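From a predicted model like this one, the values you see are computed outputs, not experimental measurements. We use all heavy atoms of the structure for the numbers below, so side chains are in, but hydrogens, waters and symmetry mates are not.
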Amino acid sequence: MSNKKLVFSGVQPTGNLHLGNYLGALKNFVSLQKEMECIYCVVDLHAITVFQNPKNLYDNVLETTASFLATGLNPDKSIIFNQSSVSGHAELAWILNCVSRIGWLNRMTQFKDKAGSDKEKASVGLYIYPNLMAADILLYKATHVPVGADQKQHLELSRDIAQKFNKDFNCKDFFPIPEPLIPKNISRIMSLRDATKKMSKSEESDYSRINLKDTADDINKKIKKAKSDSNSIPGEIKSLENKPEALNLLTIYSELTNKSLEKIVSEMAGKEYSFLKAKLAEVLISEITPVGKEIQKLLKDKSYLKKILKKGTEKANIIAEENLKNIREKVGLI
Ligand code: AMP
Ligand code: TRP
């Protein structure tokens, strides 16, 4: 087996990217670029597992691409492209549909959450979504996958699929078993309105999240309105156990200031949450608004964004075709 390290990750083009995507995934994508070869994919085939307005879908692909670039992904270093333009993803997904087991998919909690109470009405694509995710990763024989904690279960399934393929087709080490890279402290950023739910693009209230395109004014308003606690900030993390909103705000602040949560809590002990909120809004504005402005600027030049995707597609296709040739051979599809 080759020792080559290769990073792969994907983000769905389903609307505004937010602080959860930024702290849980994008920041990590950018720092990994310095250490390894990286492939970052706008996963439009994943997005259509839930109906997308066709007119908006391509705009969202371009906006997600702009967000990648605005947070610091470098298209000369990393491969940046959209999934549907490399047909190998869909082809390998079919092969992996035949390797993956129904029992494995039945355990996926994201399907249960997204399908809601009427599972019979969910698309078949939504159900087999994790097999497509495994195909994304294995198509490039990626070794490392940076994601937020919500994707941990899907990553475990990808590992199981890789292992079963290697065993079924008697090709030990053919697919590397991909390692998840999940940020330790902020693996899951929670909603600003209800910290039992993760911050998400699909949550109805815009006050639940900080979008990368939010203005300073939006950020100030949202942080002011964010749920916290009526008591003052306690001196130890343990006392925050039953106060998820307060813990979420302190965690976000700790991450953005690169200080440990312990340090932040001890610095803020005894202060009111309004004090934390003012500080938090300040760091958010200085880190997020320049990204938002860059996204807006990039979106003015759609042909540039399309060019980036085209170049990325060409590079991705070369790797994908070579690997697919070997995969087809292993399966006996000659
Ligand atoms: P998605 O927008 O669902 O395609 O997610 C893109 C990336 O952002 C994935 O790696 C997710 O795990 C990560 N992510 C999404 N929401 C959050 C969140 N609230 N906290 C941390 N990471 C997140
Ligand atoms: N399922 C991931 C999400 O919703 C996106 C994704 C698709 C992905 N394919 C991937 C992430 C491959 C990592 C690797 O966030």
_Between CG on residue L157 and CZ on residue R101, distance to nearest 0.5 Å_ = 11.5 Å
*Is a side-chain N or O of T289 found less than 3.5 angstrom from the main chain of S286, in a donor-acceptor match?*
no
_Exercise: do T251 and N248 side chains pair donor with acceptor under 3.5 Å_ = no
*Could you tell me the separation between the CD atom of Q163 and the CG atom of D168, rounded to the nearest 0.5 Å?*
11.5 Å
*asked:* Return the CG to NZ distance between L333 and K325, rounded to the nearest 0.5 Å.
replied: 14.5 Å
*Check: L73 and V30 side chains under 4.5 Å, non-hydrogen atoms*: yes
*Between Q110 and D150, does any side-chain donor sit less than 3.5 Å from a side-chain acceptor?*
no
*Hey, does D301 have a side-chain heavy atom less than 4.5 Å from the side chain of L298?*
no
*If you draw a 6.0 Å radius around CD in E204, do more than 12 non-hydrogen atoms from other residues or ligands fall strictly inside?*
no
*Sort out for me which residue in E255, H18, R188 forms a side-chain contact (heavy atoms from CB on, under 4.5 Å) with L23.*
E255
*Above 12 or not: heavy atoms from other molecules or residues under 6.0 Å from NZ of K152?*
no
*Where the side chain of S191 meets the backbone of K198, is there a donor-acceptor pair that is under 3.5 Å apart?*
no
*A135 to H89 - nearest heavy-atom pair and separation*: CB-O, 3.7 Å
*Minimum heavy-atom distance T65-V61, with the two atoms named*: OG1-O, 2.7 Å
*Hey, does the side chain of K277 reach the backbone of A226 with a donor-acceptor pair shorter than 3.5 angstrom?*
yes
_Atom of R159, atom of P180 and distance for their closest heavy-atom approach_ = NH1-CD, 4.2 Å
*asked:* Measuring only between side-chain heavy atoms, which start at C-beta, is K27 closer than 4.5 Å to E287?
replied: yes
*With a 4.5 Å heavy-atom cut-off, do F8 and D136 have their side chains touching?*
yes
*Considering only NZ, NE, NH1 and NH2 on the basic side and carboxylate oxygens on the acidic side, decide whether E203 and R193 come within less than 4.0 Å.*
no
_F175 with F169, same ILVMFWY side-chain cluster at under 4.5 Å_ = yes
*Are the side chain of E37 and the backbone of L6 linked by a donor-acceptor contact shorter than 3.5 Å?*
no
*Shortest non-hydrogen contact between K243 and S239, atoms and distance*: CE-O, 3.9 Å
*Which atom names give the shortest non-hydrogen contact between L57 and A47, and what distance separates them?*
CD1-CB, 4.2 Å
*asked:* Distance to the ring centre below 6.0 angstrom and angle to the axis at most 45 degrees; does that hold for K225 and Y207?
replied: yes
*Determine whether more than 12 heavy atoms belonging to other residues, nucleotides or ligands lie under 6.0 Å from atom NZ of K279.*
no
*Look at the side-chain heavy atoms of Ile, Leu, Val, Met, Phe, Trp and Tyr, link any pair under 4.5 Å apart, and say whether L45 and I80 land in one connected group.*
no
*Side-chain contact, heavy-atom cut-off 4.5 Å: P244 with M190?*
no
*Measure the spacing between CD1 of I48 and OH of Y129 and express it to the nearest 0.5 Å.*
12.5 Å
_Using modelled atom types and a 3.5 Å cut-off, is there a donor and acceptor pairing between side-chain atoms of R209 and backbone atoms of S200?_
yes
Sequence neighbours left out, cut at 3.5 Å: what donor-acceptor pairs do the side chains of residues 306-321 make with other protein atoms?
residue, atom, partner, partner atom, Å
K311, NZ, D76, OD1, 3.2
T313, OG1, S85, OG, 2.8
T313, OG1, L309, O, 2.8

*When hydrophobic residues are tied together by side-chain contacts of less than 4.5 Å, even through go-betweens, does F29 share a cluster with L305?*
yes
_Rounded distance [0.5 Å steps], SG in C98 versus CG in N131_ = 9.5 Å
*Within a reach of under 6.0 Å around NZ of K167, are more than 12 heavy atoms found that belong to other residues, nucleotides or ligands?*
no
*Output all residues satisfying side-chain hydrogen bond (donor to acceptor under 3.5 Å, both in side chains) with N53, sequence neighbours left out; order by chain, then residue number.*
none
_Starting from Y22, can I reach I295 by hopping between I/L/V/M/F/W/Y residues whose side chains sit under 4.5 Å apart?_
yes
*So do the side chains of N16 and K201 get within less than 4.5 Å of each other, counting heavy atoms only?*
no
_Evaluation steps, side-chain contact (heavy atoms from CB on, under 4.5 Å), between V147 and H154_ = CA-CA 10 Å; V147 280; H154 289 162; over 6 Å; no
_Pairwise side-chain contact, R328 with E91, heavy-atom cut-off 4.5 Å (strictly under)_ = yes
_V86-V43 co-clustered via ILVMFWY side chain contacts under 4.5 Å_ = no
*Could you give me the CA-CA distance, side-chain angles and deciding distance for I79 and Y140, then say whether side-chain contact (heavy atoms from CB on, under 4.5 Å) is met?*
CA-CA 12 Å; I79 298 180; Y140 302 94; over 6 Å; no
*Taking atom CG of N242 as the centre, does the number of heavy atoms from other residues, nucleotides or ligands within less than 6.0 Å exceed 12?*
no
*Looking at CG of L284 and CG of D214, how far apart are the two atoms once the value is rounded to the nearest 0.5 Å?*
9.5 Å
*Side chain of S100, backbone of N97: donor and acceptor closer than 3.5 Å?*
no
_Could you report the tightest heavy-atom contact between P178 and S158, atom names first, then the distance?_
CG-CB, 4.4 Å
_cation_pi(K141, F174) dist<6.0 Å, angle<=45_ = yes
